[in-house]
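Read the numbers this way: they start at 1 and go in the same order the structure lists the ligands and their atoms.
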Amino acid sequence: MIGAQILIECLKREGVEVVFGYPGGQVLPIFDKLYDADLKFILTRHEQAAAHAADGFSRATGKVGVCIATSGPGATNLTTGIANAYMDSIAMVAITGQVKTFLIGNDAFQEADVTGITRPITKHNYLVKDVKDLARIVREAFYIASSGRPGPVLIDVPSDIQLQDTEFIWPEEVKIRGYNPTLFGHPGQIKKAAKLIGQAKKPLLYAGGGVISAGAHHELKELAEKIQAPVAMTLMGLGGFSGTHPLSLGMLGMHGTGFANHATMESDLIIAVGARFDDRVTGRLDAFAPFAKIIHIDVDPASISKNVAVDVPIVGDARNVLGQLLEEIKKVPDTSEWHKAISSWKRKYPLTYKDSAKIKPQYVIEQIYEAAGDGAIITTEVGQNQMWAAQWYKYTAPRTFISSGGLGTMGFGFPAAMGVKLGCPDKTVIDIAGDGSIQMNIQELGTCVCNKINVKVAILNNGYLGMVRQWQELFYKKRYSQVCITSPDFVKLAESYGALGIKVTKKEEVRPAIEKALATDNTVFIDFHIDPQENVYPMVPAGEAINRMIEGLA
Ligand SMILES: Cc1ncc(C[n+]2csc(CCOP(=O)(O)OP(=O)(O)O)c2C)c(N)n1
Ligand SMILES: [Mg+2]
């Protein structure tokens, strides 16, 4: 087989169902073999969208997302999507064409040092130098991407390698020297953790994206109920514990709920599961959770004690470790007083907004939740729209809230929604978008319509780069600098692509528009003209302790 054929044969053997990408000169042999391969290929309109779609596919399904681009500009266009997947620990394999081996380093046409460029934003990357290595490399790439702490792996394949002939040998086993993720927690550490849990009076579970990637949601629920600990989630962790469960505190951190943040600050034992103490969660680091001992469960030893010194580190897969803990816990803490305090914070700091005759974004999201319900999968763009989607929709199952957490990439939500829909064709998929963000990958309307990818986009159109405007309003004396943004007529634009567009300017039109979009078997843009001045509250100003929140209304 030639290299290109080997590559495709390997993808099939890895169980790949769909590949997102874009062709070009240095991947011609691969696309020639794709021509008659039994693989679904989605031609996006921009390589960045191919990477985000592969990322969305992975987040929704738990499988590895795959994208392909040509050398040079194709590969550099992928990089935002790769960095995005890296920051959120998403399993992805990105394949790029490269100039012929003997031209590398010559500033050849469309040459870029892609392994160099992506080294800090991939879990691992490869430049294939011999076709005989190709099958092994592909196998390793899928294994590395999906094991331990997941992440993107890039394979750069020079076009002459794609054409070289060799015998195809499928490596049954993968063995990588020096790469052996620890999957079970150390029994001594599990004992220590169980003892601390037994002694705690104010335990709190702090759940991150690792709960979802490890499939640990059942174990998390069991533990929370067993020790009667409230659960606060990060943006990445939403859905890892049901937002409608009485023990849920919703999201914590910068735009978290008042009760989650107060509980975190008062807790005497924080059990962090698959979370990394990101600055959006901790706020002022030296003031974070001053009374708490910390148990930190994470599959990546490098993330333990990176930002916050912890008392009991436990390296291992979250699902396994929670299972071990559940077996080990003999004494259950008495948390009745703790729950009284939490109830009083819930009364004192409810998540709320002032409704009005204008369309409030929170109201739109409540209506979407009521209409689409628990079965839907929500993706988001970045900004106020993202925070409102995190606060006002109830995520009751893992993999139903898909958002760019670590990198905060505007333009993520729409192409990610395409990947989600391809992975979960029976689900309703809705991108909750901002008018600024949607314009960053709006060309994917073409991909959606052409491939009948039936996703809904709810644009919270405030005429602003709203989140930046909010910061300028609060911290830069209302000196609004470059945050007013115009948009095209989204209805006409959608129609020009063959999609449906609906414009909503009155409150009473909100629900009917959502119902119509859900009932339409086509891609739909709904352009909600919301109150342009609305801000996201509560808010912890950057650098403040997380219980020093601006309440907005209170
Ligand atoms: C690619 C990218 N560029 C810039 C930013 C900085 N940024 C964060 S939120 C935001 C405004 C987003 O505007 P919009 O999509 O309209 O959302 P809104 O906040 O108005 O809901 C900007 C510019 C970013 N996160 N990503
Ligand atoms: Mg906006």
Within ligand 1, which atoms have a heavy atom of Gly466 less than 4.0 Å away?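 Those of ligand 1 that fall under 4.0 Å from Gly466 are 13 (O), 18 (P), 19 (O), 20 (O).
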As an exercise, identify every atom of ligand 1 less than 4.0 angstrom from a heavy atom of Asp435.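 Those atoms are 16 (O).
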Check: [X] N/O within less than 3.5 Å of ligand 1 N/O:
X	answer
Gly383	no
Gly436	yes
Ile438	no
Gln384	yes
Ser437	yes

With the Mg ion (ligand 2) as the reference point, give the N/O/S atom of Asp435 that is nearest.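 Closest to the Mg ion (ligand 2) among those atoms: OD1.
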Does Tyr206 have its ring centroid less than 6.0 Å away from the ring centroid of Phe277?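 Here the rings of Phe277 and Tyr206 have centres that are less than 6.0 Å from each other.
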The Mg ion (ligand 2) and Asn385: any N/O/S contact shorter than 2.8 Å?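 Not a single backbone or side-chain N, O or S atom of Asn385 is under 2.8 Å from the Mg ion (ligand 2).
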Short check: any N/O/S atom of Met467 below 2.8 Å from the Mg ion (ligand 2)?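 Not a single backbone or side-chain N, O or S atom of Met467 is under 2.8 Å from the Mg ion (ligand 2).
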So which protein heavy atom does atom 23 (C) of ligand 1 come closest to, and at what separation?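 Scanning the protein heavy atoms, the shortest distance from atom 23 (C) of ligand 1 goes to Met410 SD, 3.3 Å.
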Of all the heavy atoms in Leu460, does at least one lie under 4.0 Å from an atom in ligand 1?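 No; Leu460 lies far enough from ligand 1 that no heavy-atom distance drops under 4.0 Å.
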How are the rings of Phe414 and Phe525 set to each other: parallel, tilted or perpendicular (split at 30° and 60°)?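 Taking Phe525 first and then Phe414, their aromatic rings stand perpendicular (interplane angle over 60°).
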